[in-house]
Amino acid sequence: MTKTIGILTSGGDCAGLNAAIRAVALRAHHGYGWKTIGISHGTLGLLHRPVAAEPLDPGRLDAVLARQGGTFLGTTNRGNPFAFPMPDGTLKDRSPEMVEGLRELHLDGLIGVGGDGSLEILRRLLAGTNLPFIGIPKTIDNDVGQTERAVGYSTAVAIAAEALDRLQPTGASHERVMVLEVMGRDAGHIAIAAAIAGGADIVLIPEIRWRLDHVVKRIATLRQAGRTSALVVVAEAAGDSHEEGERGDASVGEWLAHRLMTATGAEARATVLGHVQRGAQPTAEDRLLAAAFGVKAVDLLAAGKADRMVGWWNRTVIDVPLEKVVGRCRTVDPDGALIRTARALGICLGDAA
Ligand code: F6P
């Protein structure tokens, strides 16, 4: 019997989502003769009547799609079904409407591409139904538990490293300290990887307690050694627990550049990379990961599995129970390989000069 599965992308977009959608629909069609329905705008599409969804015709899903950033289905990181923001400012539980929307689609399974927050919401939403659900991890932050990689991270790191490549010559020309603030709501994965790849002198992440005076001293040491410019990477979350003094509305990167200028006498400039890290053409690595995850997710549904997430561990595609993933942010291991590599290269992490 032909089955029909649904797919939606939820949470902040990132590069590689289209490749994941394509992989799911192609595997479902070629592997099992199943139909795939794409639900629009994450869970928001389930509130529309009829539900905002479209059949994904495999003939339409050529490789061009895998090269494109964003998600052609649309997504949202607003609109928690259980506390949905209403126009009058109140919060309403709209999960029953969304479950009803799912029923209208007559699905035999659902695949959700999301970060830990979205996967948790989707898991909760599906708990009251008997619809099998499989999650695919995506987020530039790379902080989903039980997987070494999430779709979108590789591209974000490539963009951040490229930004450092561009900041270095202008910083050197003007003898400036160039501060690059990168994304990462709760974790420093992008920052540490970009700092190593992009040749930064200093990197500050939320997982390692840093002090401004150590950073100032390191810049002084670099100058004494004849270096006239420096590259500093700071994760957006690095300031939240370790900042010294009032930051006001300034981002941590802007705040840091200002403080370094005052403390070192060097000119400093901040670049807040922001959403540039999310909107690019996916790297080959993200396309590969998205393809492997999409195929595995469909295979899990075909094997009668549910309530699981696909993941990447030791260069293997695995699957893990979703309950082990939700509510657990995977932060940078302060004793892990990347931190040890950064230290070995002489990169200052702000915990010592
Ligand atoms: O979780 C992905 C992410 O890009 C974070 O790195 C960042 O803090 C946040 O989303 C930004 O969210 P928004 O797109 O709502 O500004």
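Order of appearance sets the numbers: ligands from 1, and atoms from 1 within every ligand. Numbering starts at 1 and runs along the sequence shown.
- Counting heavy atoms under 4.0 Å from ligand 1, residue Gln277 does not touch it at all.
- Between the side chains of Ser154 and Thr283, at least one donor N or O lies within less than 3.5 Å of an accepting N or O.
- Checking only distances, Met183 never comes within under 3.5 Å of ligand 1, N or O to N or O.
- Against a heavy-atom cut-off of under 4.0 Å, Gly184 is close to the following atoms of ligand 1: 6 (O).
- Of the N and O atoms on the side chains of Thr90 and Asp88, at least one donor lies less than 3.5 Å from an acceptor on the other residue.
- Using a 4.5 Å cut-off on side-chain heavy atoms (C-beta onward), Val320 and Val325 make contact.
- Using a 4.0 angstrom heavy-atom cutoff, Gly115 does not count as in contact with ligand 1.
- Nearest to atom 15 (O) of ligand 1 among the protein's heavy atoms is Asn77 ND2, 3.0 Å.
- For the residue pair Thr71 and Asp13, no side-chain donor N or O sits within less than 3.5 Å of a side-chain acceptor on the partner.
- Looking only at heavy atoms of the protein, atom 13 (P) of ligand 1 is closest to His275 NE2, 3.6 Å.
- When the heavy-atom distances from atom 2 (C) of ligand 1 to Asp141, Val182, Ile190, Asp186 are ranked, the shortest goes to Asp141.
- Between Phe133 and Leu322, some side-chain heavy-atom pair lies under the 4.5 Å cut-off.
- Within ligand 1, counting atoms from 1 as listed, the ones closer than 4.0 Å to a heavy atom of Glu236 are 5 (C), 6 (O), 7 (C), 8 (O).
- In the candidate list Lys138, His189, Arg185, Arg278, Arg278 is nearest to atom 4 (O) of ligand 1, counting heavy atoms.
- The part of Arg78 lying near ligand 1 is the side chain, judged by heavy-atom distances below 4.0 Å.
- Inspection of the Asp299 and Tyr32 side chains reveals an N or O donor paired with an N or O acceptor under 3.5 Å.
- Remark: the Glu207 side chain and the Thr331 side chain contain no N/O donor-acceptor pair separated by less than 3.5 Å.
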